[in-house]
Amino acid sequence: MGPTVTEWCLIIGSACHHSHPLQIFEYNGSALVAMVGKNCFAIASDRRLGVQLQTIATDFQRVFKIHDRLYIGLSGLATDAQTMYQKLVFRHKMYQLREERDMKPQTFASLVSALLYEKRFGPFFCQPVIAGLGDNDEPFICTMDCLGAKELAKDFVVSGTASESLYGACESMYKPDMGPEELFETISQALLSSVDRDCLSGWGGYVLLVTPTEVQEKILKGRMD
Amino acid sequence: MECVFGLVGKGFAIVAADSSAVHSILVHKSNEDKVMVLDSHKLLGASGEPGDRVQFTEFIQKNVHLYQFRNGIPLTTAATASFTRGELATALRKNPYSVNLLLAGYDKGVGPSMYYIDYIATMHKIEKGAFGYGSYFCLSMMDRLYHPDMTIEEAIELIDKCIVEIRTRLVVAPPNFVIKIVDQDGAREYAWRESIKSPDVSMA
């Protein structure tokens, strides 16, 4: 069996010299949000890769494409996010070979949940946010914790070190049935205002807006600090 | 304390590392080479626990060579970085290596590239990076003075400024540094920056 959470704290803590207890989910810093609009969805993340107080890069990718109408964002420990992404892409490619079609978002969410729960007593320290267009171009979003407990939502889902700020910002800014432009504006403002209150996430934003006909990627310039 | 840092310039990448081998309060040697030449066009600067550092970098070097023997062509820098990350990630939940790595390479058609791979297998492609206590000084220096497509002279000037900063501001600063460069002509040692000369030891 791999290291437990306590042992993990010792492994990572041995490299740092701070007296406060080590939080695995706060090691790299991240912010993720996905929102549902009218026949479209948007998924956004911050761009900071840090190691506790130090910023390593300001162009880190947290949102990954699974197929044209399905995206996953992975917050939490960056190494586990990268490992999870590799495992998921592998599983989806095998699915495509066998079924000769793309996975539905609901099916993919169940797959992610199962993969996470497999490691129940030595988990991957990442919290996914899944967003996709299902049948009839119906947008689907969900999030789950690091053990695979799914949370389906009809409006928005958030994840990462800035999640509490994101909940507040999204709750106040969200309206149902927004069009793509309004959705983009809303999710960008919610993301930027939330990461500005979190020192571990930020350094700009990355927003992906998906409609049945097109995909728009935009980089946001926020407070660079 | 160990420092490894590097940057990507116009058509080349540089990796510099301190060269002290330290055990508690004792300095075993001051000319330890911590930047391994993986193959003709790749450098791997490593910092961390000495046993893991040597074992892991040699393991990567031998696997890079094995790929070339088996397939007749060398691995690209990106593929080497992926492989290295994979090895660190697999070992992470069994018997983790405590090694931080800066992998730099030159690929025909792609040019120079540098990858930051830390000891828990977080990988990211970067233009400038640093590990260790020295990173607190180097990263700020590079943020201020680095720009894309630097010439070799400008880059070495920046590396030297980082070294001076480490020597001035870090308590127990390592005295000597090695600088290696990789460009289209290959990976090679560029210079040593020594402020304490190690006595020559005759090889038994």
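Note that these values count all heavy atoms, side chains included, but never hydrogens, waters or copies made by symmetry. So that the names make sense, note that chain A is the first sequence line, chain B the second, and so on, each numbered from 1.
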Can you tell me if K125(B) has over 12 outside heavy atoms packed within less than 6.0 Å of its NZ?
yes

Give, as side chain, backbone, both or neither, the part of N100(B) having an atom under 4.5 angstrom from any heavy atom of chain A.
neither

Decide whether H124(B) and D59(A) meet the rule of one side-chain donor and one side-chain acceptor closer than 3.5 Å.
yes

Tell me, side chain or backbone of S135(B) under 4.5 Å from chain A's heavy atoms, or both, or neither?
both

Greater than 12 external heavy atoms within 6.0 Å of E214(A)'s CD
yes

Regarding R53(B) and Y97(B), do their side chains bring together a donor and an acceptor under 3.5 Å, going by distance alone?
no

Which atoms of Q54(A) are under 4.5 Å from chain B, going by heavy atoms: the side chain, the backbone, both sets, or neither?
side chain

Does any backbone or side-chain atom of A121(B) lie under 4.5 Å from a heavy atom of chain A? Answer side chain, backbone, both or neither.
both

